[in-house]
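Counting convention: from 1, in listed order, for ligands and their atoms alike. All figures in this text were calculated on a predicted structure; none of them were measured in a lab.
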Amino acid sequence: MNLLLALGGALGVAMHHGLFIHGEWHVQAPNILLGHIVAFALLHVFIDSSLISLSIITSYLFSLLSSITIYRVFFHPLRHFPGPVGARITKLWHVWKVRDSRNYRVLEELHAQYGDFVRTGPNELTIFHPDIFMAIDGPKSNCIKAEWYDLLHPKLSLVTSRVKETHAARRRQWNRGFTSKSLDQYITKILPYITQLEHRIDADIQLNHTSEITDLFYWFGFDTMGDFVFNKSFDMLRRNEWHFVVVLLRRAMSILGPLSPAPWFVQIAFKLFPRVWILGDWFRMVAWCEGQMRERMKLPENKTQTPDVAHHLLQAAKTNTADWPWLSGDSILAIVAGSEPTATTLIGIFCELARSPHHAELIYREIQTVDVCDPRALAKQCPYLEAVIAEALRVYPALPTGGDRKTMEEVVVGGVRVPRGTTVVAPRWSIFRREDSFTRPTEFLPERWYGKEEMVRNRAAYAPFGTGHHSCLGRFLAMDEMRLVTARLVKKYHFRMPPGETGECVLRDMRDQFTATPGRLRVRFELR
Ligand code: HEM
């Protein structure tokens, strides 16, 4: 018996030092879990005494977990970095802390307590230093996307692609859909949705209703992206109701709030329980998107129609079947990447304009002589509008904490050495609110981007669209959308908070699910 117990213990240590300590295991997590369950069951069958088999299993698990804990606390290359003890041992600590999907708040508290470099996981550092964006994504960086991006594994997509060369090749394909010629063509696609948005607001005014602007901006974001990706709008603005697939998508995304800190947990949930609870929503949504892309592939090309983002990807897939597996992952992530961040920023802009109408009046003065359907003219001639958008991107970051990277060699940030193989988190929420980088950082002050530039003390601390080879591909499209929507609505309406509303709940109730989900905003519109 004692020998068997010792063997169980030795196997636990051997599994840790011989296997688990090397490389990544998150994708295999479901198989590891199943493998252990099967091995334990077999042990139980082959050893007559349940007491002996249970003792061996306990001894194995105890020594495996103890070995992991001792290594992580006392011998890990990150052991000298400060951070909560629980976080050093397991990411389950973090999962528990963000069970209400407020990771940006958890990290902000850790920042206040431990400083600019915090060990937030056994192998993870959260870095609040303003140089971090350039260090992990700048031209000299060798960092890759971290384990989190295996979310869709084995599906392929540009956003989740972790191999540098594969990502670069796919990004070249995508770039064809974002040339300046394409962007000009997209304007004709965006404008009808702004008209539909106005119709919704006009209907609210006629009925003397307050507008649910959160819903309206989400509908706008998803309708336009539906058109850009499937050549088919979700039609929510026109129908005045949520589309079931968008509801499924948003419900499924909510799982990323609590589970994002532990990618292995996500793998287990998605692979072992695909039909359980909101996970089923994810798979139904994926199946729907795949169906849309298949239908679209069958349609003959319509030469008179304005090409959209997916047009270029589909053209490539028609001649090269190797591109096929990319299409469904890319379509889903383009919908998510393109609609939610734009909606979040628009909600932030209109929350601030409704709260302090003088911002809207300054924009109104600027747009008097400008064509509000021409984003190029707006960009050139309306610096205050640009400043309002820039400040909204800072105060309402669309990716508050998401975007983890992994160092492939030692990286130095602000004089601190970050070891090779570390997962690095760069939380925009906190970095965009650094006192040493922005004067009065928690206030919405567009003048810091126009007129009072000295209020931006360190430009490196601002990267709302990311930077370098992993930066946002749709940033120019997003900027055009935000310019057009803001200018058109400011030109047509006065707006204010309804009685009893302050707009505070937009940030107070914001959830962090990789992309931000702001709290509810209601605005009272009147025709000018
Ligand atoms: C205000 C609006 C937007 C903001 C703030 C924003 C921000 C970002 C950020 C920070 C990233 C880097 C994510 C990461 O590190 O994983 C990103 C990536 C990306 N964004 Fe956006 N985005 C916006 C709108 C859009 C739009 C309209 C599209 C259109 C399709 C888009 C498409 C993408 C794509 C494809 C990527 C992945 C790029 C890559 O991995 O190479 N985004 N975005």
Side-chain angles (χ1 to χ4, degrees), residues 132-133 136-137 141 143-146 148-152 156-164 166-178 182-183 186 189-190 193 217 220-230 256 260 308-313 326 329-349 375 389-406 424-429 431-432 462-486 514-516 518:
I132 187 61
F133 298 124
I136 54 174
D137 279 335
S141 165
C143 294
I144 58 165
K145 295 189 171 184
W148 184 91
Y149 287 89
D150 280 323
L151 176 77
L152 293 185
L156 302 169
S157 90
L158 169 76
V159 184
T160 56
S161 179
R162 294 184 65 205
V163 179
K164 234 177 169 177
T166 320
H167 176 265
R170 190 63 187 163
R171 195 163 160 120
R172 279 195 291 280
Q173 304 254 32
W174 269 78
N175 273 335
R176 295 186 202 149
F178 289 98
S182 310
L183 286 168
Y186 296 158
K189 273 189 172 289
I190 300 168
Y193 294 104
F217 284 149
F220 169 78
F222 278 102
D223 280 358
T224 42
M225 281 319 291
D227 197 342
F228 276 117
V229 177
F230 299 129
L256 296 180
S260 274
D308 55 22
V309 174
H311 164 87
H312 304 275
L313 301 177
W326 288 86
D330 269 351
S331 63
I332 297 160
L333 286 171
I335 298 267
V336 175
S339 44
E340 296 229 320
T342 314
T344 300
T345 317
L346 282 171
I347 291 164
I349 293 173
I389 297 173
E391 186 67 345
L393 286 164
R394 187 186 71 83
V395 177
Y396 300 83
L399 270 74
T401 60
D404 306 358
R405 300 288 182 261
K406 192 161 187 178
V424 175
V425 179
R428 287 183 179 77
W429 170 274
I431 300 172
F432 289 4
Y462 180 73
F465 292 104
T467 201
H469 48 281
H470 289 138
S471 66
C472 178
L473 252 174
R475 68 180 295 173
F476 298 111
L477 173 60
M479 286 300 291
D480 281 352
E481 285 185 90
M482 294 187 292
R483 286 177 190 124
L484 289 169
V485 171
T486 311
F514 185 66
T515 50

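- At distances below 3.5 Å, at least one donor-acceptor pair connects side-chain atoms of Y186 with backbone N or O atoms of G177.
- If you take OH on Y462 and CG on L393, they are separated by 4.5 Å, rounding to the nearest 0.5 Å.
- Each of the following atoms of ligand 1 lies closer than 4.0 Å to a heavy atom of S471: 38 (C).
- Atoms of ligand 1 found under 4.0 Å from any heavy atom of V159, numbered from 1 in the order shown, are 37 (C), 40 (O).
- Between K145 and L158, the shortest heavy-atom contact is NZ-O, 4.2 Å.
- For R428 (side chain) and A463 (main-chain N/O), a donor-acceptor pair under 3.5 Å exists by modelled atom type.
- The aromatic rings of F514 and W148 lie parallel to each other, their planes meeting at an angle below 30°, with 60° marking the opposite boundary.
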task: Please test D227 against Y193 for side chain to side chain donor-acceptor pair (under 3.5 Å), starting from the C-alpha separation and ending with a verdict.
output: CA-CA 10 Å; D227 197 342; Y193 294 104; 2.7 Å; yes
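- The distance criterion of under 3.5 Å between nitrogen or oxygen atoms is not met by R428 with respect to ligand 1.
- The M482 neighbourhood of ligand 1 comprises atoms 1 (C), with distances under 4.0 Å to a heavy atom of that residue.
- The side-chain heavy atoms of L473 and N175, taken from C-beta on, include a pair separated by under 4.5 Å.
- Interface of Y149 with ligand 1, defined as ligand atoms under 4.0 Å from a residue heavy atom, comprises 14 (C), 15 (O), 16 (O).
- In terms of protein heavy atoms, atom 13 (C) of ligand 1 is closest to L399 CD2, 3.7 Å.
- Nearest heavy-atom pair, P397 versus A516, reported as atom, atom and distance to 0.1 Å: O-CB, 3.7 Å.
- Checking only distances, R171 does come within under 3.5 Å of ligand 1, N or O to N or O.
- Contact annotation: for F228 versus ligand 1, there are no heavy atoms closer than 4.0 Å.
- Close approach of ligand 1 to M225 (heavy-atom distance below 4.0 Å) involves ligand atoms 29 (C), 30 (C).
- Excluding waters, the set of protein N/O/S atoms under 2.8 Å from atom 21 (Fe) of ligand 1 reads C472 SG.
- The shortest heavy-atom contact between C143 and I136 is CB-O, 3.4 Å.
- Within ligand 1, the atoms closer than 4.0 Å to a non-hydrogen atom of P464 are 5 (C), 7 (C), 10 (C), numbered from 1 in the order shown.
- Below 4.0 Å from some heavy atom of H470 lie the following atoms of ligand 1, by number and element: 12 (C).
- Atoms of ligand 1 found under 4.0 Å from any heavy atom of T345, numbered from 1 in the order shown, are 1 (C).
- In this structure, the side chain of S471 engages the main chain of G468 through a donor-acceptor pair within 3.5 Å.
- Judged by distance alone, the side chains of W429 and T401 never bring a donor and an acceptor atom under 3.5 Å apart.
- The closest non-hydrogen atom to atom 15 (O) of ligand 1, taken over K145, R405, M479, comes from R405.
- Other residues, nucleotides and ligands place no more than 12 heavy atoms under 6.0 Å from the CZ atom of F476.
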